[in-house]
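All values reported here derive from a predicted model rather than from experimental measurement.
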Amino acid sequence: MNAATTTPSSTQMERDARLVTARDHKVAPGEIAIGVIIGRTSEFFDFFVYAIASCIVFPALVFPYLSPLEGTLWSFAIFALAFVTRPIGSFIFMAVDRAYGRGVKLTIALFLLGGSTAFIAFLPGYDTIGIWSAVLLAVFRAGQGVALGGTWDGLASLLSLNAPQNKRGWYAMMPQLGAPLALLVASGLFAFFLSVLSDADFLAWGWRYPFFVAFAINVVALFARLRIVVTHEFERLFEARELQPSPVIETVRTDGRNIVIGAFAPLASFALFHMVSVFPLSWIALYTKQPLERFLVIEAIGASVGVLAIIVSGFVADMVGRRKLLAWSAAGIGIFSIAAPLLLNGGELAEIAFMILGFMLLGLSFGQSSGVVASNFSTATRYTGSALTSDLAWLVGAGFAPLVALALSVTFGLAASGAYLFSGAVVTGLALFINKELAGKDR
């Protein structure tokens with residue numbers, strides 16, 4: 001018996017997994033939706049745990065030798081690394097997908113994501129290892145980005161393509177529920193530890209627990225997603241819809257226009273994403289004396305409003321069309337950008353209004369921001385093209401948003417952050433106007 005028969009290959013392991021999870025019933029869109037929501041919630045939880053820590057932990061832990069503002073700006077610079085390395089992860093893991101299968105790719109990517117997050121939980125501060133604390137933080141953050149590039153499982157595209165014609169908006173919003181759900185839990189965890197621990201204990205060890213929770217959630221999400229993507233039914237569905245990985249360079253060459261337009265279409269939504277979650281927390285921490293746990297509770301309330309708004313976006317999109325809803329939402333975000341600085345700097349009640357209105361608009365726009373992507377691509381490049389579009393959209397629209405918004409605000413005043421958000425609304429409007437294919441295929 002030779003080595004080839006005794007050592008199982010990755011594809012053999014996937015076939016074994018399909019036998020274990022074999023089911024005979026027909027795959028329904030609702031079943032795909034469950035896998036998508038679980039996967040997105042786990043990914044966004046890692047994201048928000050890091051984002052909150054970048055506002056209230058890392059400036060003091062990693063950059064205590066700088067002013068609080070400078071420490072926060074450097075923290076946001078490292079925060080952006082994950083969005084820069086995410087396309088690199090897509091390039092690497094698409095090759096893994098083609099060679100070894102979707103299940104192997106997901107397993108490696110989610111363990112890398114969970115591992116990078118867990119390592120941050122053990123991060124020594126500057127007082128212990130000096131500048132190497134920042135270096136390690138940057139390495140782990142880059143690892144999160146590479147891993148996120150490999151977590152693309154195609155389920156969101158599969159959901160969009162298999163949804164009933166008159167309910168595509170409804171099913172398109174389901175993957176987006178993961179973001180506010182993750183923010184709700186992450187904000188609640190940090191608020192709890194801030195409220196029960198002293199500042200010294202929180203900075204020493206309390207902030208680390210949410211990162212341990214993130215690793216555990218990733219493990220649960222891995223098995224939940226593998227149970228879906230390695231079954232016979234889903235493999236046939238992926239093949240029938242031609243949702244197979246294509247070479248990245250070839251995909252960019254043939255569908256580069258769709259990738260660029262698809263990335264800029266949700267720019268207003270993605271910019272608002274950080275303007276109501278990360279940036280205001282940093283502003284409150286730096287320039288007010290409010291208890292941080294109080295504002296985190298407000299963020300959790302805002303996230304709950306975001307969940308409801310995303311659900312509403314599904315109904316509205318099916319009535320008026322996803323493109324129209326994105327255009328209307330961009331106009332609403334443009335109007336909100338004018339009032340946002342006044343609300344954020346207007347006291348406690350105004351802050352609550354800022355978060356509630358912001359998350360309402362975010363839910364309506366973000367709820368459909370991914371539902372207009374998959375149908376733009378040729379069948380041969382749809383799987384990889386959708387992944388690259390998502391990577392580029394997050395990089396352009398969200399990766400540097402907290403850094404740019406904070407830098408502009410401290411230089412030119414808080415109104416500059418509103419101008420930055422307004423520019424995102426304008427770009428979204430232009431992208432939707434240019435992309436005539438989007439208008440023709442939308443319903």
Side-chain angles (χ1 to χ4, degrees), residues 43-89 111-149 186 189-190 193-194 197 199-215 218 274 277-287 292 296 394-395 398-411:
E43 293 166 17
F44 276 111
F45 186 79
D46 285 72
F47 169 88
F48 281 119
V49 165
Y50 187 95
I52 293 172
S54 70
C55 296
I56 65 176
V57 176
F58 299 143
L61 181 75
V62 182
F63 303 105
Y65 54 94
L66 300 175
S67 69
L69 172 60
E70 291 173 326
T72 303
L73 289 172
W74 273 106
S75 182
F76 281 167
I78 295 176
F79 172 86
L81 277 179
F83 298 91
V84 175
T85 58
R86 183 171 175 170
I88 299 173
F111 270 106
L112 176 60
L113 178 60
S116 298
T117 303
F119 281 134
I120 294 174
F122 293 100
L123 181 73
Y126 177 84
D127 293 340
T128 304
I129 59 173
I131 195 66
W132 286 103
S133 178
V135 173
L136 286 176
L137 181 63
V139 170
F140 298 148
R141 181 59 176 167
Q144 285 183 317
V146 171
L148 281 170
L189 274 175
F190 274 100
F193 284 110
L194 280 167
L197 298 176
D199 290 345
D201 285 341
F202 176 79
L203 189 61
W205 54 269
W207 68 271
R208 302 176 188 272
Y209 278 89
F211 285 85
F212 293 128
V213 173
F215 178 78
N218 275 320
H274 281 169
S277 60
V278 184
F279 168 70
L281 180 59
S282 68
W283 189 265
I284 295 299
L286 287 169
Y287 296 109
L292 291 175
L296 285 168
W394 281 110
L395 174 60
F400 294 92
L403 176 63
V404 173
L406 182 58
L408 287 174
S409 296
V410 298
T411 305

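- Of the inter-residue distances, the one linking R141 atom CZ with T117 atom OG1 reads 8.5 Å to the nearest 0.5 angstrom.
- Summarising the geometry, atom CZ belonging to F215 is positioned 6.0 Å from atom CZ belonging to F111; distances are rounded to the nearest 0.5 Å.
- Put simply, the side chain of D127 does not reach to within 4.5 Å of the side chain of L61, judged on heavy atoms.
- The CD atom of E70 sits 10.0 Å away from the CH2 atom of W74 when rounded to the nearest 0.5 Å.
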Mind running side-chain contact (heavy atoms from CB on, under 4.5 Å) on F193 and L189 for me, showing each step along the way? CA-CA 6 Å; F193 284 110; L189 274 175; 4.3 Å; yes

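- With contacts defined as side-chain heavy-atom distances shorter than 4.5 Å, the pair W205/L197 qualifies.
- Counted within 6.0 Å of CH2 on W132, heavy atoms from surrounding residues, nucleotides or ligands total 12 or fewer; the atom is thus considered open.
- Between S409 and W283, the closest heavy-atom pair is CB-CZ3, 3.6 Å.
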With side-chain contact (heavy atoms from CB on, under 4.5 Å) as the criterion, how do I78 and V62 come out once you've worked through the C-alpha distance, each side chain's angles and the decisive distance to 0.1 Å? CA-CA 11 Å; I78 295 176; V62 182; 5.6 Å; no

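- Atom-to-atom distance recorded for F63:CZ and L137:CG is 6.5 Å, nearest 0.5 angstrom.
- V410 approaches A407 most closely through the heavy-atom pair CG2-O, 3.3 Å.
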Could you please spell out the steps behind the side-chain contact (heavy atoms from CB on, under 4.5 Å) verdict for F279 and L403? CA-CA 8 Å; F279 168 70; L403 176 63; over 6 Å; no

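- A distance-only check finds a donor-acceptor pair linking the side chain of R208 to the backbone of L123 [under 3.5 Å].
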For F211 and F140, what are the C-alpha separation, side-chain angles and deciding distance, and is it a ring-ring contact (aromatic ring centres under 6.0 Å, His included)? CA-CA 12 Å; F211 285 85; F140 298 148; over 10 Å; no

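- In terms of heavy-atom proximity, G206 sits nearest to P210 at O-CD, 3.7 Å.
- Between the side chain of H274 and the main chain of A398, a donor-acceptor pair closer than 3.5 Å is present.
- Looking only at side-chain heavy atoms (C-beta outward), L281 and L292 come within less than 4.5 Å of each other.
- Formation of a donor-acceptor pair under 3.5 Å by the S54 side chain with backbone atoms of A51 is found in this model.
- Relative orientation of the F202 and F190 rings is perpendicular, given thresholds of 30° and 60° on the angle between their planes.
- Between F79 and F83, the two ring planes are tilted [angle within 30° to 60°].
- Contact record, G143 with S116: C-OG, 3.6 Å, taken as the closest heavy-atom pair.
- Considering every non-hydrogen atom in both A285 and I56, the closest pair reads CB-CG2, 4.4 Å.
- By the 4.5 Å heavy-atom criterion applied to side chains, L395 and R86 are not counted as neighbours.
- One distance of note links OH of Y287 with OG of S282; it measures 9.0 Å at 0.5 Å rounding.
- Ring geometry for Y50 against F58 counts as tilted: the plane angle lies between 30° and 60°, on a 0 to 90° scale.
- Scanning all heavy atoms of the two residues, the minimum distance from P402 to G399 falls at CD-O, 4.1 Å.
- A donor-acceptor contact shorter than 3.5 Å is absent between the side chain of S75 and the backbone of G71.
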Could you go through C55 and V278, starting from their C-alpha distance and side-chain angles, then the distance that decides it, and tell me whether this counts as side-chain contact (heavy atoms from CB on, under 4.5 Å)? CA-CA 7 Å; C55 296; V278 184; 3.7 Å; yes

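- For D199, the CG atom sits in a loose shell: 12 or fewer heavy atoms of surrounding residues, nucleotides or ligands are nearer than 6.0 Å.
- For the atom pair CG (L113) and CG (N218), the distance works out to 4.5 Å, reported to the nearest 0.5 Å.
- The backbone N or O of P68 sits less than 3.5 Å from a side-chain atom of T72, completing a donor-acceptor pair.
- At least one donor-acceptor pair closer than 3.5 Å links the side chain of W207 to the backbone N or O of L203.
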